[in-house]
Amino acid sequence: MSGTKSSGDSSPRDDSSIKSTLDSTTLPEEYHLGNDGKKEQVTVGSIPPLAVGVSSAEVDKAESALGSAILRALKLRPPLPKDAPDAIATQPSIWDGDDVKELKAKYIRDDWENIEAFDPNFRWTVKEEHQVRRKIDWKIMLWACVMFSALNIDRGNISNANSDGLLKDIGLTQADYNLGNTLSKLFFLIAELPSQLISKRVGPDRWIPIQVCIFSIVSGAQFFLSGRSSFLATRVLIALFQGGFIPDLILYLSYWYDSRHLPIRLAWFWMSSNICGIITDFLAVGFLKLRGFHGYEGWRWLFLFEGIITLAIGIAGFFLMPTSPAKTKSKWFPKGYFTEKESKIIVNAVIRDDPGKGGMHNRQALTLKMIWNCVLDYDMYPLYALGLLFGIPKYPVGNYLTLSFKELGFSTVQTNLLSIPYEVISIFTQFFITAISELANNRSFVAAAEDIWLLPCFIPLVALPDPINPWSYFAIETVLLSYPYTHAIQVAWTSRNAGTVQNRSVSASLYNMFVQASAMIGANVYQASDKPRYKKANKGLIGLLVFNVFILYPGTWAYYKWRNRTRERVWGAMSEEERQHYLKTTTDVGNKRLDFRFAA
């Protein structure tokens with residue numbers, strides 16, 4: 001969600017000479033391209049001339065949409081000019097030139113699911129675009145957040161169950177618990193790429209509800225847990241069908257929003273997990289009070305009832321997730337979600353922003369060659385390294401939070417209620433880091449904020465003498481777990497630097513696989529031999545945080561800056577004719593194109 005301007009004025013993707021001849025009204029800032037920050041006058045006349053490319057600088061600014069909105073709300077940035085409702089909102093793009101047939105042959109597949117709605121000459125107004133976007137928010141985005149909540153409920157309720165004595169009731173040791181968490185992360189990781197392959201083959205509108213239904217049934221079946229084997233088996237099965245869910249869902253959303261409007265929705269998408277955490281903690285207090293009902297422990301009822309809730313969400317998903325903007329009609333929605341004109345607005349806004357989205361059918365399987373090419377993309381390796389290392393310190397603290405509270409003498413109800421404050425504070429730190437990312441206009445150092453926050457919080461965990469006061473421990477852990485969540489920034493960063501739809505799909509999976517590997521490591525940091533303060537482990541985590549903050553993040557920034565400078569020298573040495581020839585004839589794709597600039 002942060003923004004990074006590309007360096008060098010000679011890059012065609014940062015060309016500030018893009019002109020539009022659509023309407024005499026000056027549009028709000030969000031409707032203009034160019035890296036000079038100046039508004040362009042738009043006049044009536046003809047279809048806009050050929051735009052050399054979508055400005056990467058503008059795409060970067062779009063990814064900080066929430067940060068910009070927060071700054072405007074805080075009066076730290078002037079408000080956008082008031083929209084002119086009848087002004088033309090159509091974004092200038094490569095489709096406005098004379099070589100549309102050539103570009104269509106290059107970018108658009110004949111079996112693209114939205115091809116009937118694609119029209120390079122189609123125009124729409126600001127008012128129409130706003131109305132359509134609101135409908136997408138209510139009909140598509142809101143339900144995506146509900147589906148995401150189903151995932152968070154069933155992968156997070158193990159922590160609530162621990163507060164009710166799950167481990168003791170079925171005879172599990174700390175080592176068993178760590179193993180269960182490790183296997184969960186391992187199979188979540190293993191399932192990432194296969195899930196993406198299945199999603200691309202059958203369509204996310206089918207695969208995502210299937211995933212939710214299956215892991216909900218398994219989660220509810222935890223009512224019958226009887227020992228180590230059943231505990232480990234359910235951990236594996238839930239993770240196996242949750243793997244790939246998040247990149248599947250984000251890719252699905254990318255077909256509905258262009259790059260100006262998707263990032264702020266993704267910010268709310270990630271924040272919905274905090275809201276879900278608050279709700280589930282309150283639900284847990286009620287469900288766990290059922291201990292003794294029909295002779296069963298409270299945690300069994302927790303798993304059963306929350307499994308039923310998420311199963312209902314999964315079943316509803318089959319009816320509430322349309323295939324694509326141009327295909328929303330069904331037996332239960334015979335008129336569809338949108339009118340024909342609204343569908344055309346959605347499709348053409350997206351394809352004008354990113355022509356590559358027309359190059360892959362949403363039920364087209366990824367080939368092994370596509371996957372292998374993405375795996376060999378060395379320019380993505382720094383981001384994979386960040387995914388592996390940045391989150392390790394937070395996992396052991398989060399995994400053991402409720403267990404630690406119980407050991408310190410808090411009751412089951414207190415333990416669950418004391419888990420709520422950090423969820424609430426996290427919402428505000430998310431807003432904070434998003435606003436900072438907009439002001440800083442930098443990804444590497446803003447993304448490091450999570451580890452910068454964690455570093456001083458670990459010091460008192462090591463330095464305070466025994467025995468630690470329960471409320472002091474609660475205060476430290478609450479502040480620690482209220483860290484500004486930068487994973488969303490790094491996901492957007494990975495997507496931005498991948499370059500193509502195919503690369504984004506695979507790179508998102510690979511990045512998340514490294515994040516899951518990180519969680520596997522984190523699940524085994526705290527060992528029984530280091531109880532109860534885990535001082536040895538916490539000292540090691542302090543060392544890792546120092547490495548991440550002072551070496552890994554600055555090194556990633558330096559690498560992408562170097563890659564951009566190298567390309568700028570090559571591009572700057574080419575004549576205008578050579579550049580145009582390259583753009584029309586090159587076989588380079590995605591982030592290997594000379595006109596591509598990495599976000600740093």
Are the side chains of Pro325 and Tyr337 in touch, meaning some heavy atoms are under 4.5 Å apart? no
Going through the checks in order, is the side chain to side chain contact (heavy atoms under 4.5 Å, CB included) test met by Thr429 and Trp453? CA-CA 10 Å; Thr429 58; Trp453 178 287; 3.9 Å; yes
Under-4.0 Å salt bridge between Glu568 and Arg565: no
Backbone N/O of Leu583 and side chain of Thr586: donor-acceptor pair under 3.5 Å: no
Angle between ring planes, Phe118 versus Trp95, binned at 30° and 60°: parallel, tilted or perpendicular? perpendicular
Greater than 12 external heavy atoms within 6.0 Å of Phe432's CZ: no
Could you check whether any side-chain N or O of Asn564 sits under 3.5 Å from a backbone N or O of Arg567, counting only pairs where one atom can act as donor and the other as acceptor? no
Does Asn591 use its side chain to pair, donor to acceptor, with the backbone of Asn497 at less than 3.5 Å? yes
Should Asp96 and Arg352 be marked as a salt bridge (charged side-chain N to carboxylate O under 4.0 Å, His left out) after you check the CA-CA gap, both sets of side-chain angles, and the distance that decides it? CA-CA 9 Å; Asp96 298 325; Arg352 281 179 161 272; 2.6 Å; yes
Evaluate the side-chain proximity of Val491 to Ile246: yes if any heavy-atom separation is below 4.5 Å, no if none is. no
Which heavy-atom pair separates Ser507 from Met380 by the least distance, and what is that distance? CB-CE, 4.1 Å
Determine the interplanar angle of the Phe598 and Phe596 rings, folded into 0 to 90°, and report it as parallel if under 30°, tilted if 30 to 60°, perpendicular if over 60°. perpendicular
Please determine, by modelled atom types, if Asp588 and Tyr582 share a side-chain donor-acceptor pair under 3.5 angstrom. yes
Looking only at heavy atoms, the pair that brings Trp256 and Val350 closest together is C-CG2, 4.0 Å
Ala385 to Leu552 - nearest heavy-atom pair and separation: O-CD2, 4.0 Å
Within the supplied structure, the quantity of interest is the number of heavy atoms (other residues, nucleotides, ligands) at a distance under 6.0 Å from Gln131 CD; does it exceed 12? yes
Within-4.5 Å side-chain heavy-atom neighbours: Val515 and His487: yes
Side-chain touch Val546/Leu455, heavy atoms, less than 4.5 angstrom: yes
Least distance between heavy atoms, Gly244 atom then Gln211 atom: C-NE2, 4.3 Å
Side chain of Asp248, backbone of Ile208: donor and acceptor closer than 3.5 Å? no
Decide whether Thr90 and Asn348 meet the rule of one side-chain donor and one side-chain acceptor closer than 3.5 Å. no
Rounded to the nearest 0.5 Å, the CG atom of Leu383 sits from the OG1 atom of Thr494 at a distance of 4.5 Å
Any side-chain to backbone donor/acceptor pair from Ser199 onto Ser195? Under 3.5 Å, distance only. no
Donor-acceptor under 3.5 Å (Ser518 side chain, Ile392 main chain): yes
List the steps, then state whether side chain to side chain contact (heavy atoms under 4.5 Å, CB included) holds for Leu386 with Phe514. CA-CA 8 Å; Leu386 291 179; Phe514 280 99; over 6 Å; no
When Glu116, Glu113, Glu340 are each screened for salt bridge (charged side-chain N to carboxylate O under 4.0 Å, His left out) with Lys327, the one that passes is Glu116
Taking all atoms of both residues into account, what is the closest heavy-atom pair of Ser343 and Ala117, and its distance? O-CB, 4.4 Å
What distance do Glu192 atom CD and Gln242 atom CD have between them, rounded to the nearest 0.5 Å? 11.0 Å
Under 3.5 Å, side chain of Trp571 to main-chain N/O of Asp595, donor-acceptor pair present? no
Shortest non-hydrogen contact from Ser444 to Thr556? OG-C, 4.3 Å
Among Arg123, Arg133, Lys341, whose salt bridge (charged side-chain N to carboxylate O under 4.0 Å, His left out) with Glu128 holds? Lys341
So Phe148 and Ser273, do their side chains get closer than 4.5 Å, heavy atoms only? yes
Do Leu389 and Phe547 have side chains that get closer than 4.5 Å, going by heavy atoms? yes
Could you go step by step and tell me if Tyr257 and Asp137 meet the side chain to side chain contact (heavy atoms under 4.5 Å, CB included) rule? CA-CA 10 Å; Tyr257 295 100; Asp137 290 341; 2.5 Å; yes
Might you work through the side chain to side chain contact (heavy atoms under 4.5 Å, CB included) test for Met141 and His261, ending with a clear yes or no? CA-CA 12 Å; Met141 189 69 220; His261 303 115; over 6 Å; no
Tell me whether the count of non-hydrogen atoms from other residues, nucleotides or ligands lying under 6.0 Å of NZ in Lys104 goes above 12. no
Any donor and acceptor pair, going by atom type alone, linking the side chain of Thr339 with main-chain N or O of Glu342 inside 3.5 Å? yes
Stepwise salt bridge (charged side-chain N to carboxylate O under 4.0 Å, His left out) test for Glu450 and Lys394: CA-CA 9 Å; Glu450 182 172 313; Lys394 67 190 177 189; 2.9 Å; yes
Interatomic spacing from OH in Tyr483 to CD in Gln430 - rounded to 0.5 Å: 10.5 Å
Asp379 and Tyr559: side chain donor to acceptor below 3.5 Å: yes
